[in-house]
2 protein chains.
Amino acid sequence: MPTTVQQEDTKPLLDRTLKALEKGSQFEIRNLIHSLYPAETALILESLTAEQRARVWAVIPPNVMGEILVRVHTEVAEGLLKITDRNDLIKAAENLESDDMVDLLQVLPEPLLSQVLESMGVHQRNRLESALAYDDHTAGGLMTLDVLTIRADVTLDVVLRYLRQRGNMPPSTDSLIVVDRNDHFQGILSLETLLTHDGATKVAAVMDTNATSIPYQTPAHDVAILFEQRDILSAPVVTDNGRLMGRITIDDVVDIIREEADHSIMSMAGLDEEQDMFAPVMTSAKRRAVWLGVNLFTAFLASWVIGLFEATLAEIVALAVLMPIVASMGGIAGSQTLTLVVRGLALRQVSGANAGRLLLKELSVGGVNGVLWAVVVALIGGVWFQSASLGLLLGAAMVINLVCAALAGASIPVVLDKVGIDPALAGGVLLTTVTDVIGFMAFLGLATIFLL
Amino acid sequence: MPTTVQQEDTKPLLDRTLKALEKGSQFEIRNLIHSLYPAETALILESLTAEQRARVWAVIPPNVMGEILVRVHTEVAEGLLKITDRNDLIKAAENLESDDMVDLLQVLPEPLLSQVLESMGVHQRNRLESALAYDDHTAGGLMTLDVLTIRADVTLDVVLRYLRQRGNMPPSTDSLIVVDRNDHFQGILSLETLLTHDGATKVAAVMDTNATSIPYQTPAHDVAILFEQRDILSAPVVTDNGRLMGRITIDDVVDIIREEADHSIMSMAGLDEEQDMFAPVMTSAKRRAVWLGVNLFTAFLASWVIGLFEATLAEIVALAVLMPIVASMGGIAGSQTLTLVVRGLALRQVSGANAGRLLLKELSVGGVNGVLWAVVVALIGGVWFQSASLGLLLGAAMVINLVCAALAGASIPVVLDKVGIDPALAGGVLLTTVTDVIGFMAFLGLATIFLL
């Protein structure tokens, strides 16, 4: 009977693991874990405390350890490496595809790294050492070295015979790569073409010479966009002069997309996506403290602005009651614009040529909403404190802050992107600093001028 | 010569399009657009204003219109549909794979929908009408109906002959699906197995009977997790009793992952990911106003809390200057916990059984950082306003608010998830409400008790 996936598949797995851990039944844990895919085990390991993790890790066979290690967050992997036997680790590394092995080697501490490399054959070691040289976030760092290549001048029947003789193909092979005698990329022969054309046909006659090939320096982000837009399952990676180096497969691209999404969301809160959810309290506290410190600085900046108007506040306490409204609405409106522009930049939909138009649109939206909510807060504030002039000032400050929020939300990410800072990380803090400062300044400043 | 991808591929494309539009050269626009993949054209269309979009749309041949329409955001598609000739639209629909066609039919307004359906053959219409019945966010809604099936009792050579005779395969075919005479799913024959085994072998002997099959009601989110964890390229979709209904391919899963990531990030700012970046100002303003209104309500709630302490504020103005610091730090710390828990829930890494442990850890982290930053703000505040007691109160309020922030950040998403509300959408607003109210309440309340 084929296995049919049950709904809510992983959640019960985690619960079952936790239950087995509670009962202390290593037998049950072993049975459970052995029925899982490495990625499922990886997700479960990440959801456990360090102590529970060690107990699950103890039942995992060395030959799948490698696949699990490359799938957990770096910080979790580092913890697991510390409790893994050296010989098991060497075995784990040997069972990996070359791209996964490169990933694993990158987290290994130095003495272990040398040992693992030494345990390999010369040929494989040389290939891996050169693969280690590529930046992890480029096509070169993503590629696997396991590639099936053929020549253009043979017939499809020859290819079929060759494959039968070989008896297997590298994982996720959807096409064979055609190269010349100097390993220069010539084109792609998809398995579909191979299977649906007459055996006497020459490869040259049916190969796709327009297939996308990717220079090894291409950033991972751009590789992902290419795969998505062109619905590619795999693509050859080439040197500047077109020599074949390796192959990128869709499963690695899926990982990039997930990691990028993770990275955006986590970094907006100043978190590192490679962090361990169950890291020791002091480790977590220390890391988050940095972000809180940055924000404390901006909070004091806002306080300093308020402090400039102490005399005014002493006179009219209502201002202290109402001032957070202006700042808060500015922050919300600004973050809407910011989010839109950050996404546009990531998808390469915002460029110098249309940024002006987008800014104009956002300023208009800010203006319209500024006026709308100015009327609302003016009425509520005016009635609450029985003062039409206070209401009017509140409304005016709202319009000013919402327009400035649109300006900041649209321009901050573009500027950060230009100078090479991740807008998802720094954009929010900078924006709130602007909207807080301008919000308090506008409201309290107007009050000082008109109410005193 | 094979095409090698140039770096920064899409950005120059957008710029070139914008330049051609400025020059008003329809010839140049046509040349440019005809060299693009549909997904690239889709991204460019989204980056244009309505008027520019119409001019680009005019040069797009009807046979690729369909593929572009299913790739742009719903709101952009609706705009394009209005300026598309009916006959072109029928032609566009006919050129689509069945899953894309279902997507397109779902955005068509009623009279057009009937016309397109009528223009099809009876067989295809019946299949599509039943596919339209499935929820877009389930396996049934994702699947394509174009499936290559074979029987288990034939030899690989027979399969090879069949494929050569057929002359093509549905896009992204990495395996053939083995069914019995009642269309019940039996297993999968990967193209790799087909190509690397002896021709006299029976399908039954080499097919993978453990291959994952997906019930049609499985949520799209879970389908994506399965594909990711198991590195699947395609999987059959089945009824409750195992009858084959269709097939899901990795390219659609990639789209889900991207859409989900998009959705999380956009909804945190109260934005709809299907929105048009260049929607008319009034349309955008109206939509964003809703979110601003929700936030205005919570801002007034915070103001009301501050208002309770008017007498205290009138006495000690320094409180007004320092109070935003407590609220702001609570919001930041809480959103760190919130982000971590929301991600854990999405990846099914947080369940009832480990939520308690996670809460405990987050509370401890909140406590540690609370104490750390309490000392810092107490010192700064105390020195600034020359009052040790004011500094102490500020520090105490900080500890209270950071612990409450951890509590709120960890429990709000779990509760929202249980009652079926998207934590990414509502979590942030609820959290800030809590941290604002408690922050102001703690600081001003303590001051009222101890300083007056």
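None of these values were measured; they are calculated from a predicted model. Residue numbers start from 1 in every chain, and the chains themselves are labelled A, B, ... in the order their sequence lines are given, proteins ahead of strands.
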Open item on the list: Taking side chain as everything from C-beta outward and backbone as N, CA, C, O, which of these in A:Leu18 sits under 4.5 Å from a heavy atom of chain B? Side chain, backbone, both or neither.
Closed with: side chain
Open item on the list: Please check: side-chain N/O of B:Arg164 versus main-chain N/O of A:Thr196, any donor-acceptor pairing under 3.5 Å?
Closed with: no
Task: Which portion of B:Arg343 sits near chain A, non-hydrogen atoms under 4.5 angstrom - done: side chain
Task: Residue part contacting chain B, namely of A:Ile250, when any heavy atom lies under 4.5 Å - done: side chain
Open item on the list: Quick check: do B:Ile44 and B:Leu36 have side-chain heavy atoms less than 4.5 Å from each other?
Closed with: yes
Open item on the list: Please classify the contact of B:Leu233 with chain A as side chain, backbone, both or neither, using a heavy-atom distance under 4.5 Å.
Closed with: side chain
Open item on the list: What part of B:Thr49 gets within 4.5 angstrom of chain A, counting heavy atoms only: side chain, backbone, both, or neither?
Closed with: side chain
TODO: Examine whether an atom of A:Ala302 lies under 4.5 Å from a heavy atom of chain B, and if so say whether it belongs to the side chain, the backbone or both; otherwise answer neither.
DONE: neither
TODO: Examine whether an atom of A:Ile325 lies under 4.5 Å from a heavy atom of chain B, and if so say whether it belongs to the side chain, the backbone or both; otherwise answer neither.
DONE: both
Task: Contact class of B:Leu358 relative to chain A, heavy atoms under 4.5 angstrom - done: both
Open item on the list: Under 4.5 Å from any heavy atom of chain A, what part of B:Leu195 do you find: side chain, backbone, both or neither?
Closed with: both
- [ ] Decide whether A:Ser47 and B:Asn354 meet the rule of one side-chain donor and one side-chain acceptor closer than 3.5 Å.
- [x] no
TODO: Pick one of side chain, backbone, both or neither for B:Thr173, based on which atoms fall under 4.5 Å of a heavy atom in chain A.
DONE: neither
Task: Portion of A:Leu372 that has a non-hydrogen atom of chain B nearer than 4.5 angstrom - done: side chain
TODO: Check each atom of A:Val281 against the heavy atoms of chain B and say whether the ones under 4.5 Å are side chain, backbone, both or neither.
DONE: both
- [ ] Could you tell me whether a side-chain N or O of B:Gln336 sits under 3.5 Å from a main-chain N or O of A:Leu271, the two making a donor and an acceptor?
- [x] no
Task: Contacting region of A:Gln52 [heavy-atom separation from chain B under 4.5 Å] - done: side chain
Task: Flag side-chain contact, heavy atom, 4.5 Å: A:Met268 against B:Thr339 - done: no
- [ ] Indicate yes or no: at least one non-hydrogen side-chain atom of B:Leu163 is less than 4.5 angstrom from one of B:Met169.
- [x] yes
TODO: Please flag which part of B:Asp262 lies under 4.5 Å from any non-hydrogen atom of chain A: side chain, backbone, both or neither.
DONE: side chain
Open item on the list: Counting only non-hydrogen atoms closer than 4.5 Å, does B:Asp174 touch chain A with its backbone (N, CA, C, O), its side chain (CB onward), both, or neither?
Closed with: neither
Task: Toward chain B, the part of A:Glu362 with a non-hydrogen atom under 4.5 Å - done: side chain
TODO: Name the region of B:Val376, side chain, backbone, both or neither, that has any atom closer than 4.5 Å to a heavy atom of chain A.
DONE: side chain
Task: Option in A:Arg166, A:Gln165, A:Met266 with maximal non-hydrogen atom pairs under 4.5 Å from chain B - done: A:Met266
Task: A:Phe385 versus chain B, the contacting section by heavy-atom distance below 4.5 Å - done: side chain
